[in-house]
Every structure is written in C-alpha cells, then in structure tokens.
Amino acid sequence: MSTRLSQLFVRTLREDPVDAEVASHRLLVRAGYIRRQAPGVFAWLPLGLKVRRKIEAIIRDELEAFGAQEVLFPGLLPREPYEVTNRWTEYGDGIFRLKDRKGADYLLAPTHEEVFTLLVKDLYSSYKDLPLSLYQIQDKYRDEARPRAGLLRGREFTMKDSYSFDYTDAGLDASYQQHRDAYERIFTRLGLDYVIVKADAGAMGGSRSEEFLHPTPVGEDTFVRSAGGYAANVEAFTTAVPEPRSFDGLTPAEVLDTPDTPTIAALVDVANGKHPRPDGRAWTAADTLKNIVLALTALDGTRELVVVGIPGDRDIDLKRAEVAFAPADVEAANEGDFAKHPGLVKGYIGPWSPSGAVLGAAQTGEPARSTTGIRFLLDPRVSEGTGWITGANVHGQHVFGLVAGRDFHSDGIIEVGSVVAGDPAPDGSGPVELARGMEIGHVFQLGRKYADALGLKVLDENGKLVTVTMGSYGIGVTRILAVIAESNNDGKGLIWPKNVAPFDVHVAVAGKDVAVMAIGETIVDSLEESGFDVLFDDRPKVSPGVKFGDAELLGVPLIVIVGRDAAEGTVELWNRRTGDRTSVAMIELGAALAAQP
RNA sequence: CGGGGCGUAGCUCAGCUUGGUAGAGCGCUCGGUUUGGGACCGAGAGGCCGCAGGUUCGAAUCCUGUCGCCCCGACCA
C-alpha cells in the first residue's frame, strides 16, 4: 500500500520557522519531519521516523555483521553506578537529575558506560566469554547550557553506543579496529563525507581515540589535515618540536629599555626602533616570548595560577588549554590573582629578572625554586637553545636574547598554542590546513578505567583474575540525520541520499483530468509491484505549483510527474540530485528509475 | 553563565513612538471558477496581545517585576 500525501500526517510550512537558523533545522521543520517540543527536544513525525529508521537499519546491519549484539538499557538510571565512577559529580550541571517519591536520586543517562560494564560483570566471568561487543540505540540526555541548531545539538538525542570487552590489549586493538572499519562502511553507505581525525583521549583516560568528522562549515570542531595524510582534531594536535640547538655563539642576554610596550605589537615596534637586530633583519612577534597567566580551578574548587610561555605571534587556544589542563577549569587570571603576586609585572612578565628567576629555575644545573613559585609551562616551540625577547619583570624593560635552557627553565611543556594554517604536521607530512567539522562518530579505547572502578574482571587461561579492557564507540543517530540534511539540500528543499530517503520515488499527479489521476494510480501500483516504496501525491485540488514545491521540499530524490503527456503514455522523471527532467515512456519507468544515479 | 534580540491567530509578521471596538499575508472550513511552478472570487472559523502587579475613565501600547524563547560567546556528542 503506497503512502498517499492526502492521508499522510504532515503539514509543510511555506515560510521558515523563525527559531530555525541552520539549513537542516529549517528544512526538517518546514518539510514536516520534526517539531520542536522544548528547547533542544524534538518530536518525530512519520517522515522523520522513516528516515531515522533507515539510518538505524544501516548501523545495525554493519554492527551485526561483525558480531556485535544489540541490547537496550533504560534512559532512566539510578545514581549509584555513576557515583562509583565519580561521574555523578563530574558531570555537574550537564545532566538531568531527578528524585523519585522516596527521595532517591536518578538521572537521565548522558551515556551508558557504567551500566554496560555492570551488566557484563553480572553475567560473565571467564576469558572464554570474550571478546564481546554490545551496542544499543538509545536516547541520551544532556542538560546543555545552550541547545542550538535543531537536531545538531539537542538536549535529547539518539545515539548508537557500543562497548567492547577484551582481556588483552591486543584484543582491544582488534575490537577497536572492527568498529572503526564498520564505521567507515556505515558512513559510506549513508553517503556521508567523513574524515577520521586523531582525537583527544581527555580525562577519560583512554589510550587511543579517533573521531569521525563530517566536514561542514556549521561544524563545531576544528580539525587540521596535511596533504601527507595527517589529520587531527585541533584539540589533539601536537606541535612539531624543533631539535635542541647548541648554545655556542649565542650572545649573553641583555636588559634593554622598552617603555610603553604592554602589547606584543608595541614591543616589536619599539625593539625595531630602539634596538635593531645586528643582522639587519627586523624583529617580529615570533621573536618574542609572551607569558600568559592563567588561573586553573580544580574540581575541588582550589585555584592555582600557572604561567604559559608561547611565541608572541601565537595566541592561547582556550579549547586546547581546557584539554591540556583537564579536568580543571581554565580562565585568564584576574586582578585579584595579580595582586597576590607582585613579582609578576603586568605587561612585562618573563621567566627571568635581573634579580633572579621569577618563573622556573635560574641556571642550568641549579634547580632552585623561582621567586614566585608559580608553575611555568612552555610551548614546544620554545625549545632548548632558542633565544627570545621577553619581559624582564621590571616596568618598561625587556630582556633580549634570553635563551631557553641556558637562561631559564620551565616546569614542563604544554600544548595550548593556537594552531594556524601552514603549521607543520608532527609526523613530517607537510603543512596543515584547518577546516570545520561536525563529529558524527567516535571510536575510543577506554582501557581499564571503568572495569577497574566497577570491578569487572575475568579469569584468564591461567586461572588468574584479570581486569577487562574496554572500548567505547558512538554514533549520533539523530545528529547524522541532521548532518545529512545539512549537506543534502538545494535551498528549495531536502535531497535525501537514496539509502536514507523516506521513499524511493515521489509520484505527483499534475493535471485536472480524472483520467490522469487514474493513470497515476496505475503507475503507483506497478511501481510498488516492482518493489519501489512510493509516496503518491494524490491531492485532487492542489495546484501543480504547490505539488512541485512540496515535492522539492520533502526531498525524495526521484520524482515522477504524471501530467499532460500521460494520455500518450509518457511521464516526466525528475532527478532532484542532478536536476535532470526527462520524458520517459511509462512502460520503461521502472527501469529508468532503477538506472538513476 | 556573559552579551544581544524577541514574546500579538496554526505559521510569518504589522500595530506600541503619540493609550480609545485586535490587524495583514499564508494556512484552515464552505461555495464557485481555475489546473505544468506556491491561481482567483465570495462567505466563515480562529486571539486572556507570555504572565503578574501598577498608572489611567480606558493599556497590546506607558511603568515595575517576572517567566519563556531565539541568536553570539563560554561549555558540550
């Protein structure tokens, strides 16, 4: 039985909904696939559900193909498992919490690592039961501070999450690879461009982590890639570290007057004007060492200052800083922080001063504490043997030719500098370019963090208890639907890829003649017999313009128009993706449809 | 949480400056004319003007408060 537009529960909107900004949100609402229920929460209408289920079917197919098994956990979970792993606390305001009538705490699950781990612990206890991959397709809940962009960042969203269980590292590698391969097949079948990038393993404590990003300007992740094949989320980018250089031939550091130079730009100007380089080249911001004071707030609320030294032509990327200092919160130091450390002369901060080390240690082989005692971390580019212009901790003075490793030392290296196009990839594969992407999948070696915390162990071949090692693999189902819509539309409407389109073909009758309508019925019947899933626009009193507009909006990629030439046995085949509109004899319609790209 | 904007019909919006019977287009219902790109004529249904106070003879309009929503940022799959 075909689906008739006259009966389908859908109402298309002629105008864009005022609260929708991005294309996917606008079009999915206008075309009647979804309706907003609350901020970041959406109801699914028949058309939307059909597409969703097609996406889910492809995901299931590829996971089952390598032996993963589907389970389903509730969205409503008790507090206890999350208490054990401390995530009840770590999630902070990020999750929906509620109490039952007895006052017991529950949450709407943001992710399910704990309960998967506990389920396997309940039932399995031998290495013979492993490896095991389980997955579910379930709604997740996050109390986003600001949901946005429709389905792309909601507070309720559907995710496929898988977990693998192994008792050896090699086993985990294999399970990880199985998922990674399956994800490649899934995204290919979905017709979605993707880039696999190195991701930050973060506070989860995992060893290997990669993200599948769909390149799109509305993406919220920035990633880099080189022509030679390096690809990484900008948060996981590592700077190519220069070789240490010898101190031979380097002149001693020299303190010079640099009045009115609170900014790097002013400093470069003054340096070139008053203290030009002996070799004639002009000073640039890259010759300066900028020392930025950050305040870290740990989970327990304690506040610590840290100074980061980076080349003056770089900024600190706060996202990279959050990752580098996780789980602490990072912000710029405020006036109060400076007041507590008079040794730091604002605008003229540096690791060294005429009276000794302010940050880090003073001399090679003299690990004496600096006068401030503040942790001092360096960008990797500030490597041993490089010389810098940097603050002398005296108002109006900078020190020139201060050499890393000779005149000052850090308490460590840190990756917080902004990444810019042209930076060298760390694997030597050439300069990187930057692009935006939306995360559509994530594969992640969790290792033993959850198994340790929750006590998931099995007996190995030798009868010894070993802790299970886990992987976690996610795909955002509803996000993928939105991303597909985002990348498959032409402004007039959606254009679904064949594999996820709600119908194979959209048949519209254009014309007043009841005979034409009857021909339309015949065509629909025969297409259905040939196995096509057909959406039939049988609305009798709707003008052709409206039908064409709705056909474009709804986004079924192949449209058949039964109209003026129907009596002669000819219909029009309209391929939305190519834009081609061709006349086709009815008897050849099935073959012509099957042959469409 | 910081910044900006907006709450009037199912949708998109006008009206508010300068207080005086609640508006348009689209959509919906009925009748008729149309029928290959969002047609037309006629007749209708549909509003606690976000909510609560206040000022006033009278408030969608002015004042105070409050709630909600959207966008940018922070945060996040």
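Side chains are part of it too, since the values below use all heavy atoms of this structure and drop only hydrogens, waters and symmetry mates. Here is how names work: the chains are called A, B, and so on, in the same order as the sequence lines, proteins then strands, and each is numbered from 1.
When the P atom is used for both B/A9 and B/G23, the distance is 14 Å, rounded to whole Å. Between B/G58 and B/U21, the two C1' atoms lie 12 Å apart (nearest whole Å). Taking atom P in both B/C30 and B/G65, one finds a spacing of 50 Å when rounded to whole Å. When the P atom is used for both B/U56 and B/G42, the distance is 47 Å, rounded to whole Å. Between B/C16 and B/U29, the two P atoms lie 34 Å apart (nearest whole Å). For the C1' atom pair drawn from B/A74 and B/U64, the interatomic distance equals 31 Å after rounding to whole Å. For the C1' atom pair drawn from B/G53 and B/C13, the interatomic distance equals 29 Å after rounding to whole Å. For B/U12 and B/G3, the P atoms lie 28 Å apart once the distance is rounded to whole Å.
Using a 4.0 Å heavy-atom distance criterion, A/Val18 is classed as a sugar-phosphate-only contact. Within the nucleic acid shown, A/Pro110 has no heavy atom closer than 4.0 Å to any nucleic acid atom.
Taking 4.0 angstrom as the limit, A/Ser543 places none of its side-chain polar atoms (N or O) nearer than this to OP1 or OP2 of B/G38.
Atom NZ of A/Lys541 and atom C1' of B/U29 are 12 Å apart (whole Å). A/Leu13 places its CG atom 9 Å from the C1' atom of B/G27, with the value rounded to the nearest Å. Here the P atom of nucleotide B/U35 and the CD1 atom of A/Ile561 are 18 Å apart, to the nearest Å. Taking atom CG of A/Asp537 as the reference point, atom P of B/G38 lies 16 Å away to the nearest angstrom. The CZ atom of A/Arg30 sits 10 Å away from the C1' atom of B/G38 (whole-angstrom rounding). Atom CE in A/Met517 sits about 12 Å away from atom C1' in B/U35, given to the nearest Å.
The nucleotide B/C11 finds its pairing partner in B/G25, both defining distances of the Watson-Crick or G-U wobble pair being shorter than 3.5 Å. A 3.5 Å limit on both hydrogen-bonding distances identifies B/C57 as the Watson-Crick or G-U partner of B/G20. Checking B/G46 for Watson-Crick or G-U wobble geometry (two distances, each under 3.5 Å) identifies no partner in any strand. When both distances must be under 3.5 Å, the Watson-Crick or G-U wobble mate of B/G37 does not exist. Taking a pair to require two hydrogen-bonding distances under 3.5 Å in either a Watson-Crick or a G-U wobble arrangement, B/A52 pairs with B/U64. With a cut-off of 3.5 Å on both Watson-Crick or G-U wobble distances, the partner of B/C76 is given as none.
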Going through the distances and angles, do A/Leu213 and A/Ile440 end up as a side-chain contact (heavy atoms from CB on, under 4.5 Å)?
CA-CA 6 Å; A/Leu213 299 184; A/Ile440 52 177; over 6 Å; no
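Taking the six-membered ring where tryptophan is involved, the planes of A/Tyr163 and A/Phe116 are tilted, since the angle between them lies from 30° to 60°.
Just one residue in the list A/Phe9, A/Trp44, A/Trp496 forms a ring-ring contact (aromatic ring centres under 6.0 Å, His included) with A/Tyr33, and that residue is A/Trp496. Among the candidates A/Phe212, A/Tyr176, A/Tyr135, the single residue satisfying the ring-ring contact (aromatic ring centres under 6.0 Å, His included) test with A/Tyr183 is A/Phe212.
In this model, a side-chain donor or acceptor of A/Arg581 finds a partner on the base of B/G37 within 3.5 Å.
Listed for the A/Asp490 side chain is a donor-acceptor partner under 3.5 Å among the backbone atoms of A/Gly493. Checking side-chain atoms of A/Arg142 against main-chain N and O of A/Ile95 turns up no donor-acceptor pair under 3.5 Å. Not a single donor-acceptor pair under 3.5 Å links the side chain of A/Asp565 to the backbone N or O of A/Glu568. A side-chain donor-acceptor contact under 3.5 Å links A/Ser164 to the backbone of A/Gly471.
The listed nucleotides are B/C69, B/G27, B/G36; the one nearest the side chain of A/Arg14 is B/G27. Of the listed nucleotides (B/C28, B/C69, B/G36), B/G36 has the atom at the smallest distance from the side chain of A/Ala510.
A heavy-atom distance below 4.0 Å to RNA chain B is reached by these residues of residues 547-557 of chain A, ordered by number: A/Phe548, A/Gly549, A/Asp550, A/Glu552.
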If the sugar-phosphate is the primed atoms plus P, OP1 and OP2 and the base is the rest, what is the B/S/- string for nucleotides 72-77 of chain B, using protein heavy atoms under 4.0 Å?
BBBBBB
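Looking at A/Arg189 and A/Asp61, a side-chain N of the basic residue comes within less than 4.0 Å of a carboxylate O on the acidic one, giving a salt bridge. Using a cut-off of 4.0 Å between Lys/Arg side-chain N and Asp/Glu carboxylate O, A/Lys140 and A/Glu113 are scored as not salt-bridged.
Aromatic rings from A/Phe66 and A/His179 are positioned such that their centres are separated by under 6.0 Å.
Take the nearest nucleotide of RNA chain B for A/Trp574 and for A/Arg35: the residue whose nucleotide is more 5' is A/Arg35.
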